[in-house]
Structures are given as structure tokens and as C-alpha cells.
Amino acid sequence: MNISEPIGDEAAETGAVNSVSVLFPLPLPKAYDYICTGGETGGEAPLVGSFVLAPFGPREVVGVVWPSGGDPIEPEKLKPLVRVIDAPPLAGELIDFIAWASAYTMFPLGSILRMVMRVADAFEGPRMQTAFVGGGEAPARLTPQRKAVLDIACETPMTAAELSAAAGVSDGVVRGLADAGALTRVDVDPDPPFDPPDLHRSGHDLSDDQQFAADEIKTIIASGGHKAILIDGVTGSGKTEVYFEAAAEALRRDDNAQVLILLPEIALTLPFLTRVEERFGAAPAPWHSELTAAQRRRTWRRVAEGQARLVVGARSALFLPFANLKLIIVDEEHDNAYKQEDGVIYHARDLSVARGARAGFPVILASATPSLESVVNVDEGRYDAVGLPSRFAEAAMPEISLIDMREDAPEAGRWLSPRLVSAINDNISAHEQSLLFLNRRGYAPMTICRRCGHKMTAPGSDTMLVEHRFENRLVCHHTGFSMPKPPACPECNAVDALTPCGPGVERVAEEAKERWPAANIAVLSSDTVTGPRAMREVLDAMRDGAIDILIATQVAAKGHHFPNLTLVGVVDADLGLAGGDLRAGERTYQLLSQVTGRAGRAEKPGRALLQTYQPQAAVLKALATGDRDAFLAAEAEGRRSLGYPPYGRLASVTLRSRDEAALEKSARAMRAAAPLADDVEILGPARTPIYRLRGVARQRMLVKAGRNIHLQAYLSDWLERVKKTSVVRISVDINPYNFL
DNA sequence: AGCACGCCGACT
DNA sequence: GTCGGCGTGCTC
């Protein structure tokens, strides 16, 4: 694959037509060929990576000139390109990454390109926007509205919308002033450039440990080439400061270098952007799903131009069109939010490492609770490790103890054990804050008819409806379905017989309000905080001590630090262990270690109480003793003995259909068609744990293979042998994390 | 992804 | 007898 030269040269020399391949952002596995003669292209073959407009079927589609390959077709079938689009071509490195990602994830090439090109209007050329500057002649009639606008207008161009909003008048006033000559119209770029990071500015003073770690990473970066580096340090040990130094080093080394910092979710990006600004004197280019169309377009264009040098974003930022990407930092690398589950299924951490390896730049992974995958990669020498064993942070580690719920049971209909209640009493007396953690939204996870036993489920789905008492609705957390809570059982018509079973955060809040009527109690879950601003309010109230007891789901597990929080009670420590997928223990360890880590501060260690019915479980023992290494070693051994990742390869093959009979038949037929291969084992087919979802039933097979097996090749071979129908859909997930 | 082509039910 | 449902297949 030659991607540095114009293509079609050879063809031109031999007198054949000058043609190029074009890949479209459509779910197609290959590029299509076009002739360059005619049209506005002037016969010159555009460079690989250029955006072009080409006729495709009955319409015209923007695509990317792709390295040619594959079987040539008869020249008379070729259509000419319409035109080349004025946008920076995609870097060769990105083209290579797209091709690799397609092969790895087994999604069509064009689907990967689509993720890169998701900014629809980025191709309409450098459109200009009208803005207004002040300093013109005074208008003949100066109304209060006009005066308000003129007071605000200055030399910095502002759009009519900005000016009128700031002055509290309609935008007609602004236009009127411009027509009267009091404001001057100027054209501005609607996508202003990002301020460059100040690389001479020094960061926070680093501790000896941090300085040592930063120097080690800088040395690796300075040596050039690829290396994956794991920064392993507890919360509060200053991982961020360390990788900021790495980012600065990468940006200093090359005047055009770009650095990407990935974060697991948007809720974390907003405070993080401020932190970057404090360090680099300029806000980075942001990328996440809540950007407006204009913000999205600005970041995309500036990243493509190479102008935005420091980008902070969620997982999809990995598919921005970087011109010269030189470093990726994956913060909280263990976080499962990096696994994209709909559309193209990928793990942003894994793809980042692969991208760095192919392109020859370093990738930094940071976490207080690294994934077993990364830890094993370090142990086996594939990754470098940089530890941050901060004494300062260790002092802040809470004392964790288990509450055996079989011995210390709450009264019927209550969820807090006497020991936890007494701990909260102590905390309230001491005017210190408590956090009750329960990773379950709503009031009760299950609603059951006490007369006929009917369980309320979402229509067409095998999912429980969760009562949300604030809205008095039953909600499905998997499908989004919701309905008002019915007065009678839909099955047996018994009135007032629908009974909530089990606790959610709302129910624990109800109990807390009964027990501590004088305390300030707040609930923090994705239902009670609907946006970043509401989130901010709760976090600020908590920080300022306006809340005594915060009852929260995992949205409170990460991010903020509360100085006066000294007790964390985990209402149900066993929750994540049920279901038993291969990473259940690891996930529970990460989540609970993160949430218990919220308790205490440097001067005053906090404590955490975990309510459990299985105090002998290895994960909980490890949390209580703080022996992470022993836990990881045991986890690793378990995976090794079963041949699970990272000691083996795993893929899931899911079949979906509305027609259950056809589904079962296809699943059996597909299983029978599986090629025989050494070191490849197929488990199933079996119904997925949630069998029906939105009317679609699902059967799954797991493919487990040795590390030296090319799993994708095996799967392609298999898929070629089965006939695909529209009644039963087949999807493949390489290295699955979600087994529901 | 679109969009057209192609075979089976309710309308003028 | 047609209009139209969306299943299937193609796009250089």
C-alpha cells in the first residue's frame, strides 16, 4: 500500500485512464474506482487521503481517495469524479489505522471511515460568518436598546446573536445599527483557531515520585518510537500532573505534534478542560457527544488542519482526523466506558495502543486500578510501568471493613445494617459527611404483584421495570421504555398489589430520611442530575458541606473529591458479582476501590463499610485488606486456567431475530458450520441473559481461542460458510465486555 | 446508508 | 384490475 504518492501515475504512463479508488463513509467493505479526467478535477489524480465528491449510484457522495487495490474493473464502467473538496487530506497514518481497525473489529472499512467523517458540514468550504465591530459614527437616534448594544460592541467582532443576547435586545437592533453605520460588518471565520498551549509555562511543583515518573516518561518520549506506558498510581497521587509533562514534552519535540487525551466520559471532561487550561494557559480542543454542531465542526476542522494541538475527548475522539498525532493518553484506562457497544464495536484503549504501535508513537495509560489486561502486559514486558507510590496518598487510604449481612441484618424492609446506621450516627454527631453508595437507579429494581406473582417487564423485552418514585413511573434501564405505575396488576387486575422489591438509591434515601429526619440528604444519580450543570450544583453543595448524607450511584464514584467526606457505606457490595461474567470480580474491585477512595483526606483517613452476604468472596477480602496485587494475581491465574483474555482470545457471535424458531434453527446451523481448528473452542449457542430486547430474541456463541490464533481470520472463514438472511442478523464482537 | 427493483394485500 | 408494503441487492 503506497500512500505517499499520487496514484494512477503508472496507469497514465502506460496510456491507460487515470483512475483513483474512493472509499465512502457507508457500510461498504471496499473502495470504488473513478476516472480523474473531465469534471473539475482537470485530470490530475488527487492525493490519497483527499476528500472528493463522486457519483455513487443515483446520488453524489463525499468520500476519501483510498490506496488502490483489489480487482480493477472494465474502464468503460468508470464514472468521473465530480470534484476535489477543499479540505486537508487525511494523514497516511490515519488511513492505515482505519484499514487496520476495520480488519480488527470486523466492521466494514466504510463504517470506520464514517466515524472519522461524522461532521456532516465540515466539507462546505470555509464559509464566512458576519460579525460586527463597534466604533462607527453615532446613530441619529439613540434608543436605550441601541445604547445597550453599542456599550457592548467593541473591536472584537461579535455576531448579531452574541451581541443581542449580551445586550438583552432582539438581533434586529444590531442589524439596524449596522445599517445606520454605527456598527461595521466584518467577515469572521466561524471556526476560530484554538489558542496554542504554552509549552514554556511550568506545571505544578512535582513531588519526587512524580518528578521521577515524569522524567522516565519524558525519556521514553524523547527516544522516539512506540511504547505503551502504564502510569499506576492511587487517586490523588498526581497521575494527571505526570502525564501533562509527557504531553508538554511531545508537543515541544515537534512544532506540529498533536496530543490526544482520552477520558472515559463527558461528565469528567468539563472540569478537566479547566485543569488543562491552568497547566497550558490555553483551553484544549474538546470532543464529546454534547458539543453543539458548531463546536463539533470547529474541533474537527482545526484538528484536521493540525491547528488544534492538544485535544481532550471521549472515546470517539480517537477517530478525529489528526494531521500529526504524536501521543495518546488514555486516562482511567480500566474504565469500561471506553468500550463502544453500538454501531462499530471497539475498545478505545485497545485501539489507541494499536494505533500508536503502528504509527510509532507512545501511548500512555493511566489508572489507580489498572485493568488486568494492562497489568499482564506490564508483567510480560510489553508495556513499561511507571508507579506513583505516593506516601501522601497512602495516608489518605480509608480503612475498609466488611459488614456480614447474615449476622448484622437490617429489619425487614430496611437496607442499612445496624453497624452502618451507627457509623452514620457517629458521623452526623461529628458534623462529617457520609456517602451511601448503591449502583442502582430508581426506587426498586423489581416490581412484582403480591397476588399473582407477575413481574413487571418491558414490552417485548425480558427486562425488569424499575420503579422511579420521584416520577411515579416504571422504567426499563435497557430499552428506555417507561410507563406510569399502573394502579392494578395488568395480569390479575388486583388493585394496589404491585409491590416494589429490593432497594434502589431512592429507596435508600427514603430510609435515610426516616432515620435522620434532621439531616440534609441528597440523591445523586443520572435521573436526579440531568446535565453537567445539575451535577455541578450537587458536587458544589457536597463540597461546601450543605449535604450530610449523599446517596449515589456510580456517577459519584469518579471525579470529585469531597474534603469533609469521612464515611462511605456500600449498601450492596455483592451487586456487581452476580451474573458472573469473566470481568465481574475485576470490575467490582475497580468500582468499590474507587468509591471507597472518596472517604477521607490526607490529615484524616476515612473509613468505608461494605455490606455483603458473601464476605468470603476474594474481591471483598482483597478490598478489606488492601491487597490489590494478590487479588490481581489470583484473578490472572483464574483467567489463565480458563484460557480467557488476556491469556486467550475471545469473540462473541450474536444472532438476533424477531422470529424465535428461525433464530434457534440458524444458531444451530451456524454452530454446525464452524470450521474445526486446533485451539479454538466454541461455547453455545445459548440464549443471552436478557433473551428478548425490544421484541428481538438473541442467541450467542462465544469463541475462545489461543493467543496465537488469528481470531478474525477464523471468524471470516466461518461467516463465509453461513448464508446471511435479513430475518436473522449476525454480529461479531471481538473481545466482548458486555455479556447481556 | 440510500435507493430501485420486485413480488403479494386493500382500494378505485 | 392498480397502489404500495418493505425484503433484497447494488452502488465504480
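Note that these values count all heavy atoms, side chains included, but never hydrogens, waters or copies made by symmetry. If you're wondering where the values come from, they're calculated on a predicted model, not measured in any experiment. Each chain gets a letter, A, B and so on, in the order its sequence line appears, and its residues count up from 1.
Aromatic ring centres of A:Phe322 and A:Phe97: separated by at least 6.0 Å.
If you measure from atom OH of A:Tyr32 to atom C1' of B:dA1, you get 12 Å, rounded to the nearest angstrom. Rounded to whole Å, atom P of C:dC12 lies 10 Å from atom CG of A:Leu78. One can place NZ of A:Lys79 at 15 Å from P of C:dC10, the figure rounded to the nearest angstrom. The CZ-P distance, from A:Arg59 to B:dC3, rounds to 6 Å in whole Å. Remark: C1' of C:dG7 and CZ of A:Arg729 are 10 Å apart, rounded to the nearest angstrom. Rounded to whole angstrom, the span from the CG atom of A:Leu26 across to the C1' atom of C:dG9 amounts to 15 Å. Rounded to an integer number of Å, the gap from A:Phe24 CZ to C:dC12 P is 8 Å. Going from atom NZ of A:Lys30 over to atom P of C:dG9 covers 17 Å, rounded to whole Å.
Backbone-only engagement by A:Pro58 is indicated by non-hydrogen atom pairs under 4.0 Å involving sugar-phosphate atoms exclusively. Within 4.0 Å of A:Pro55, counting heavy atoms only, lie sugar-phosphate atoms of the nucleic acid but no base atom.
Under the stacking definition used here (centres under 5.5 Å, planes under 30°), the residue A:Phe56 qualifies as stacked on the base of C:dT11.
Residues A:Asn439 and A:Thr553 bring no donor and acceptor atom of their side chains to less than 3.5 Å of each other. Between A:Arg694 and A:Ser461, the side chains place no donor N or O within less than 3.5 Å of an acceptor N or O (distance only, hydrogens not considered).
For the pair A:Asp581 and A:Pro689, the minimum side-chain heavy-atom distance is 4.5 Å or more.
A close approach under 4.0 Å does not occur between any side-chain nitrogen or oxygen of A:Lys77 and OP1 or OP2 of C:dC12. Contact check, A:Tyr34 against C:dC12: a side-chain N or O comes under 4.0 Å of OP1 or OP2.
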